[in-house]
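Read through the structure below, which is laid out as structure tokens, and then see the notes.
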Amino acid sequence: MATPVKIKATVEEVVKHTGSVVSYRFVPQGRVPKFHAGQFLHLALDEYYPDRQWPESRVFSIASSPSERAKELAVTISVKGRYTGRIFNTLEEGSECWLKLPYGEFLFPSDRRLILIAGGVGITPYLSLLKQMLEEKSGQTVTLCYGVRSAEHYLFGELLGRCEAELPNFGKTVYCEDGSLPGNRGTLDIAAIHAAAPEGSLFYLSGPPAMIDTFKNRLRDLGVESERIRLDDWE
Ligand SMILES: Cc1cc2nc3c(=O)[nH]c(=O)nc-3n(C[C@H](O)[C@H](O)[C@H](O)COP(=O)(O)OP(=O)(O)OC[C@H]3O[C@@H](n4cnc5c(N)ncnc54)[C@H](O)[C@@H]3O)c2cc1C
């Protein structure tokens with residue numbers, strides 16, 4: 001795994017998806033180390049001085065493709081508390097911040113069938129993988145099971161549409177709580193997802209901690225070995 005590197009970056013683009021979910025695209029001012037889809041970075045708003053400690057930061061999944069790292073890094077942030085509120089109110093196009101990466105073991109082997117389960121903004125750690133798969137025209141068997149509260153919270157529709165159109169073995173199942181999207185009405189149904197999964201699939205869980213915990217236990221009860229359950233725990 002690459003040694004983490006601290007890089008100053010400039011905000012190139014800000015996309016507000018909802019009142020509390022926003023994507024930032026950064027242009028790095030230094031050399032970005034290699035990272036893997038599924039890894040995360042630290043984002044610090046205050047200046048970093050090499051002779052001082054790394055400032056307060058929070059961690060976010062890297063949402064851009066590993067191959068684009070020299071040109072861009074991206075994150076999608078849901079405003080939850082004090083620091084993400086500060087990010088939301090501070091960062092605009094042209095702002096500078098500090099990034100530190102790569103971190104994390106939420107990785108996607110290319111020789112396995114993958115079931116990617118995302119609750120809400122929990123879709124972020126999958127974005128890098130999906131962009132990489134599009135670039136490589138990957139034939140890997142990957143199913144995204146995406147649960148959202150309403151149509152307004154369904155993010156990255158264009159990217160997901162491209163995956164469906166261009167990747168031969170990509171599938172998507174949407175669960176929408178209020179029924180405002182085509183697909184299943186209600187919350188993610190882990191028993192149905194498990195029943196439809198190809199033999200030997202790896203199950204990836206990303207979303208609210210309570211969802212991750214419940215689904216992990218349910219998958220274990222259904223006989224899925226720990227090795228086949230991968231968690232992106234935001235606690
Ligand atoms: C692997 C991973 C990936 C993640 N990816 C994303 C993502 O892609 N998008 C997203 O929206 N969120 C992501 N998160 C969650 C994100 O890191 C924030 O922690 C979360 O949004 C909480 O919001 P906040 O920081 O504003 O809350 P705050 O109220 O500011 O703080 C929340 C918690 O941060 C910790 N904390 C407090 N002070 C400090 C400090 N000085 N330094 C460090 N930690 C402190 C405490 O545990 C506190 O309870 C991820 C978390 C993890 C662990």
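We count ligands from 1, going down the list as the structure has it; atoms in each ligand are counted the same way. Residues take their numbers from the sequence shown, with the count starting at 1.
Taking the ring centroids of Tyr154 and Phe156, they lie at or beyond the 6.0 Å cut-off.
A perpendicular orientation is assigned to the rings of Tyr48 and Trp98, their planes being inclined by more than 60° (bins at 30° and 60°). Using the six-membered ring where Trp is involved, Phe108 and Phe106 have ring planes that are perpendicular, over 60° apart on the 30 and 60° scheme.
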Indicate every side-chain donor-acceptor pair of residues 194-213 with a distance under 3.5 Å to a residue at least two apart or in another chain.
residue: Ser201; atom: OG; partner: Pro198; partner atom: O; Å: 2.6
residue: Tyr204; atom: OH; partner: Leu107; partner atom: O; Å: 2.7
residue: Ser206; atom: OG; partner: Gly122; partner atom: O; Å: 2.6

Run Arg112 and Glu227 through salt bridge (Lys or Arg N to Asp or Glu O under 4.0 Å) and show every step you take.
CA-CA 12 Å; Arg112 302 285 295 265; Glu227 182 273 328; 3.3 Å; yes
Lys8 and Glu47: salt bridge (Lys or Arg N to Asp or Glu O under 4.0 Å), yes or no, with the steps?
CA-CA 9 Å; Lys8 198 169 194 170; Glu47 189 68 26; 3.3 Å; yes
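The shortest N or O to N or O distance between Asp233 and ligand 1 is not below 3.5 Å. Considering backbone and side-chain N/O atoms, Phe60 never comes within less than 3.5 Å of an N/O atom of ligand 1. Polar contact check, Ser61 against ligand 1: a nitrogen or oxygen pair lies under 3.5 Å apart. Taking any N or O of Asp232, backbone or side chain, none lies under 3.5 Å from an N or O belonging to ligand 1. Geometrically, ligand 1 and Gly81 share a nitrogen or oxygen pair separated by less than 3.5 Å.
The nearest protein atom to atom 7 (C) of ligand 1, hydrogens excluded, is given as Trp234 CH2, 3.3 Å; this is a heavy-atom distance. The single protein non-hydrogen atom nearest to atom 11 (O) of ligand 1 is Ser78 N, 2.8 Å, given as residue, atom name and distance. Considering only non-hydrogen protein atoms, atom 17 (O) of ligand 1 sits nearest to Val59 O, 2.6 Å. Here the protein heavy atom with the shortest distance to atom 1 (C) of ligand 1 is Phe40 CD2, 3.5 Å. Ranking the protein heavy atoms by distance from atom 29 (O) of ligand 1 puts Arg82 N, 3.3 Å first.
Set against the non-hydrogen atoms of Lys80, the atoms of ligand 1 under 4.0 Å away are 21 (O), 22 (C), 23 (O). Near Ile77, meaning under 4.0 Å from any of its heavy atoms, are these atoms of ligand 1: 11 (O). In summary, the atoms of ligand 1 found under 4.0 Å from a heavy atom of Thr84, numbered by their order in the structure, are 21 (O), 23 (O), 24 (P), 26 (O). The distance from ligand 1 to the heavy atoms of Glu56 drops below 4.0 Å at these ligand atoms: 38 (N), 39 (C), 40 (C), 41 (N), 42 (N).
Within 6.0 Å of atom NZ in Lys34, 12 or fewer heavy atoms from other residues, nucleotides or ligands are found, so the atom counts as exposed in its surroundings. Atom CD of Glu158 has 12 or fewer heavy atoms from other residues, nucleotides or ligands within 6.0 Å.
Protein heavy atoms all stay at least 4.0 Å away from atom 49 (O) of ligand 1. Within a 4.0 Å radius of atom 3 (C) of ligand 1, the protein has at least one heavy atom. Within a 4.0 Å radius of atom 46 (C) of ligand 1, the protein has no heavy atom.
Evaluated by nearest non-hydrogen atom to atom 40 (C) of ligand 1, the leading choice among Arg58, Glu105, Arg86 is Arg58. Compare Thr76, Val121, Thr124 by their heavy atoms: the one nearest to atom 9 (N) of ligand 1 is in Thr76.
Ligand 1 is never approached by Val75 to a heavy-atom distance shorter than 4.0 Å. Taking 4.0 Å as the cut-off, Ser57 counts as a neighbour of ligand 1 on heavy-atom distance.
Scanning both residues, Lys216 and Leu231, for their nearest heavy atoms gives CD-CD1, 3.7 Å.
For the atom pair Leu129 CG and Ser65 OG, the distance stands at 10.0 Å (nearest 0.5 Å).
Residues Ile117 and Val142 do not share a hydrophobic cluster, defined by chaining ILVMFWY side chains whose heavy atoms lie under 4.5 Å apart.
Using a 4.0 Å cut-off between heavy atoms, Tyr83 contacts ligand 1 through both its backbone and its side chain.
Salt-bridge formation is not detected for the pair Arg25/Glu68: no Lys NZ or Arg NE/NH1/NH2 atom is positioned less than 4.0 Å from an Asp or Glu carboxylate oxygen.
A side-chain N or O of Glu135 and one of Ser67 form a donor-acceptor pair less than 3.5 Å apart.
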